[in-house]
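Dumping the structure here so I can ask a few things about it.
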Amino acid sequence: MAKPGIERLKRITYFAAMDYWLLVPVLLISMIGLFVLNRVLSSGFDAYPMVFYKQAGAVLIGLLIALTLSLVEVPTLNLIAWIIYGTSLLMLVWVLVDNFSMIGEWGADSWLELPLIGTFQPSELAKIGLAMTSAQIFEGMTIGRLKKWQGGLSLAALYGVPLLLIREQPDLGTSMVILFMLICMIFVWGLRWRFILLGISGLVLAGVLAWLFLLKDFQKSRIITFLYPGHDPAASYNLIQSKRAIASGGLTGNLQGNLVHVPVKESDFIFTAVSEHMGFIGTTALLILIFFFLARSLYVASKIRTWRPALAYTMVGITAFLAFHFIENLGMCVGLLPITGIPLPFVSLGGTAMIVNFLALGVMLCISMERNLNK
Amino acid sequence: MANEIKTDGFYIFDQPHEGSIKGEEKPSLGKRFRQFLQSRYAVLALIFLLAGALIFYSTAILQLQSSDVSTVAETTGVSRQLTVKAARGDIVDATGLPLAYSIPVNNLMLTYAGLDNEKLNEMLLDLSLFLEENNIDIIENLTDYLVLDHSACTHEEEAGVDCGVPVFAREEIEIIDWQTHRNTFGLEKLSPGQIAGFADRKVKTDPRLFFDYLLYTHYAIENPESDGLRYSREDAFRIMKLRYMIMINWWTFQNGTPIVIATDVSDEIISKINEQNYRFMGVISSREYERAYTSDARTLSHVLGYVGRITSAQYENLRLQGYAADAIIGQAGVEYSAERYLAGQNGIKPYNIWSVAGEEGAFYSESIGKDAISGYNVRLTLDLRLQSAAVASLRRVIEEIRNSPDNKNKGDADAGAVVMLDVRTGEILALASYPDYDPKDFIDQKTVPEAAERVAAYLTDNINKPLWNRAVQEIYAPGSTFKPATAIAGLQSGSITASRNTIRCKGREVIGEWPWRCLEYPNTGHGNLTLSEALATSCNMYFLNLGYTTGINEISYWGSKLGLGEITGIDLPGESRGIRASREVKRVLFSDPGDQIWFPADTCQAAIGQSINSFTIIQLAVYTAALATGKRVTPHTISQITRNDGTVIRSFAVDPEPIDIDEANLLAVRRGMVRSVTDPKGTAYKTLHDFPIKVAAKTGTAETGFEDRSSSNGLFICYAPADNPQVAIAQVVEKGARGSNTILIARDLLTAYFQLVQAPNGDAVLPPGLVDDLQDDHLENNS
């Protein structure tokens, strides 16, 4: 196997090949995140400023990992895909069996306590691994190396194992992300529109049936509360506090320092803090950066789909799960989507999540640079 | 290169250029973008962007449109602090067997959320139904007074129709007291001829009228002016129960102290309620620790003590040490005396509740707060095996004495105490007091009605006084058990010597201006008696003579040296000092000048353990140990304070203090005490002469001054082995008639002790009768 980077650097300088359209938005997003986090953490966090330094350190380490990954040759990426996938599976099993698993403070019991690294959610890693490995199967089906039934079975096996393991934890949010990723990849791979329509109507039917027979009363009440916040004036504390906090930001941020209390503001509801401290201007900048980044990723993917289908599908998979995280998190803060425990990538407090997100960015940069080098 | 990579799995086409054929010119940016738009990737991108636009729109609307933030929320969160109670330390016996420990309990609490009347009632009903659905009992007191009577309901009606009739659960006089009490309803008494209505503030003796008063007036659950009723009678009563709890705790409640409405709630229910905190406004939960006792604790009741809510006097003293007004603290025994080790440190937990707008409070960050530190553990010196032998034997002997009345025994023995301590260290190995109590009842009284009744009985029974530790708190005239002290005083002061100590018992004699008669041989007398013979037969004439020649000052001095009438320093609360007869004490004790005079006959009485001499059983035990070793020990029940990991924080071993008594004199007294067991004429011969280990003993029968009505107290002291003392025992059976009647308790205890010495890991094998007793006890406890 070729040594990473050597072959590439023969052809073009690293800096010329770098995809700044992907790298710079993410860096800016992280900077906004650090700026806001510093403000949030400095008021009422016992561990401040240590906790902030840790977060900044995580951004630096993440960046280093991303830049290192971008040097990797494509064949090595293949190997890395399986290493990530395998590792995440092992960790998921570990979470189930080992005493090291501890109860995550905000939700499912899906955390792993690792020496040195700290708490870690293996399902994060599983998402990247799945995107990269399943892309190879999609490619196989695209170029005819695999028959459709072979590909379908492989995909079922590939997704089935981690989904089952995550189901055991249980972590509904992560399962949804993975399914969303799979759907996006199937979609760009080229599932016929009529099948897509069939799938959508099937989902609607399943939803109705679940409502009638499966869901318990308190689960229904959660959904009703989400759909009709007005039906209960005292609806969800978090949501109302979140909206108050966003609203208090105004055009340029809430400068009186009269902050609204939002639970887990430093993590799940970091967007409310962005609005409080930077106002409309800050949130608009953040949204533009995020959605430019997502659109750019898909653009790059579409450009290499004809000659590097696996890389294109990988790109779509990673973009899909990041997009899901971004949209779900932002949507929940403004009350468009139900509240789940999904943090905002590159912004929310949490070192290991930050590093994993940069790992994903590294893969994306590598793919985009592969395109730049062969243009 | 392409071929090489192909085999690696990432398929690479030969055409690396985007949408163009190799060698052709690169298409323009516009063309490339149009290509993108035609792909499905663009569809995906559009969906994402659409979502982004929606988010942008929602954010912008919030930020730019609503200048008035308060229109967004009708309710708000309020944050307060809650004390997290520390777990109380464990108490274990000398071998490490657990006696008292702490168990975690989830409490459900109601806090002040500023709800208006209507909302509060709705919420309370919702909560009440929710708890009922989940079979959780609500802690409430209203039903002590007012209940809905369903006895007239037919079967169909019980299914849900309002057929329950309000009735009072107490006598009318109690109901009136209740209704007029300032802390409850504060209603005015009816003057004759007045008739109460539901809307006035007069006492209502008709339960239905009172129900309506609560419904329409006091709690305003229903509006009397509106047509029809909002709630069924059952539901209204549910609301009343909780409103009543809020009302009687109103003062602390509105100051932010939560009211516990349910305890021992499962984690699952707690998380359901927390999840729906907007539905149950003001309902919070906390994990607390509750004292629990093992079934063995029953045998150590007076040593262990019990815990209870802090009294107002205690609170005044302890509030600065961080005790809350509702703290549970040790109220007796080691629970009391080791409170500062057992208590631990309470933590602080912030909590957020829902509240109506306007009720603003500071928000605490999730990370603020302090964990509770659990208390240290206490290891006792008592061995549970010896203790249960002591308890069972004490009870059995009292019963036997009661069941075998004779000319001196009226069969009225009903109480007693026994202490066994290690003469070398002062460690108390067993300490029993009868009647006793179950420490567990103080914990269970909240939930088990029988336990509450028993606790009420413990607290009010002034005749049996089960809470009274008779070994430490009660004082008894020592009777003849004092004679060794008189002997020591005589020997030390030189009235007699170890070799020349014969005194003649004439049967009848005037000593100290008072005529006395020998109890055994009133006509002939014992004749010449040596000290050891006198101690063995317990001849009064000998000691009357000896005491009179020695003098009260010497007797009192040596009594105090031996620990009688002195605080022993035992680590149990409420130790009594006792009274040691002396001229000064008599002067202080009596107010009438005629009673303050010390007569020569008083010296005689004091010499045989009567007069005003009164000591605790623990003092008698220390005194016996002093006779055995010549050293005074500090008796203690706590051996160590340890951390949870077992490291010792403090040990309580205190070195015995030597007493300045000639060894020869001590030997003379010890000989007499041994002789009371070995000499067929000795007072302890009958019960102890066949005991395999040599025991030194002294019996005592103390007159209580009520001999026409009740029997004398029976006392007994001993130590063993006589040659190499290890343990000392002192005991009393109130109204036991004779000291010798009680010896069996000591014998049982010595049997148990020496069996353990020989087989430290075995069980103490008790005499047959005792084993049955213990088994009966066990059955009783289980039933």
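None of these values were measured; they are calculated from a predicted model. Proteins come first, then strands; the chains are lettered A, B, ... in the order of their sequence lines, and each starts at number 1.
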Only pairs under 3.5 Å count here: list side-chain donor-acceptor contacts from residues 280-289 of chain A, not counting sequence neighbours, and write none if there are none.
unit_1, atom_1, unit_2, atom_2, d
A:Thr283, OG1, A:Gly279, O, 3.3
A:Thr283, OG1, A:Phe280, O, 3.1
A:Thr283, OG1, B:Gln63, OE1, 3.4
A:Thr283, OG1, B:Gln63, NE2, 3.2
A:Thr284, OG1, A:Phe280, O, 2.6

Handout entry: Selection residues 315-336 of chain A - residue pairs positive for ring pair (Phe, Tyr, Trp, His ring centres under 6.0 Å), sequence neighbours left out
Key =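 Pairs touching residues 315-336 of chain A that pass the test: A:Phe180-A:Phe324, A:Phe321-A:His325.
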Handout entry: Proximity breakdown for A:Val316 and chain B, heavy-atom pairs closer than 4.5 Å
Key =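 A:Val316 touches chain B through side-chain heavy atoms alone.
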Practice task
Please determine, among A:Ile290, A:Leu191, A:Leu251, A:Leu294, the option with the most heavy-atom pairs under 4.5 Å with chain B.
Solution key: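 If we count pairs closer than 4.5 Å to chain B, A:Leu191 comes out on top.
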Practice task
Using modelled atom types only, decide if a donor and an acceptor are shared between the side chain of B:Asn117 and the backbone of B:Ile221 within a distance under 3.5 Å.
Solution key: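 The answer is no, because no donor-acceptor pair under 3.5 Å joins these two groups.
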Handout entry: Interface residues of residues 41-50 of chain B facing chain A - non-hydrogen atoms under 4.5 Å apart
Key =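 Against chain A, the residues of residues 41-50 of chain B that fall inside the cut-off (heavy atoms, under 4.5 Å) are B:Tyr41, B:Val43, B:Leu44, B:Ala45, B:Phe48, B:Leu49.
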Practice task
May I ask you to name which of A:Ala301, A:Ala295, A:Gly331 has the most heavy-atom pairs under 4.5 Å with chain B?
Solution key: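 With the most close heavy-atom pairs to chain B, the winner is A:Ala301.
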Practice task
Give, as side chain, backbone, both or neither, the part of A:Trp82 having an atom under 4.5 angstrom from any heavy atom of chain B.
Solution key: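 Looking at A:Trp82, nothing touches chain B.
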Handout entry: B:Leu125 backbone acceptor or donor facing B:Ser128 side chain under 3.5 Å
Key =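 Such a contact is absent between B:Ser128 side chain and B:Leu125 backbone.
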Exercise for the section: Search all heavy atoms of A:Lys243 against all heavy atoms of A:Val334 and return the closest pair with its distance. Expected result: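 For A:Lys243 and A:Val334, the tightest heavy-atom pair comes out as CE-O, 3.6 Å.
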Please set out all donor-acceptor pairs under 3.5 angstrom arising from side-chain atoms of residues 129-136 of chain B, sequence neighbours excluded.
unit_1, atom_1, unit_2, atom_2, d
B:Glu132, OE1, B:Arg238, NE, 3.1
B:Glu132, OE1, B:Arg238, NH2, 2.8
B:Glu132, OE2, B:Arg238, NE, 2.7
B:Asn134, ND2, B:Phe130, O, 2.8

Handout entry: Donor-acceptor under 3.5 Å (A:Ser275 side chain, A:Ile246 main chain)
Key =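 The answer is yes, because a donor-acceptor pair under 3.5 Å joins these two groups.
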Practice task
Kindly give the heavy-atom pair with the smallest separation between B:Ser286 and B:Met109, and that separation in Å.
Solution key: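 The pair with the smallest heavy-atom distance is OG-CE, 3.4 Å.
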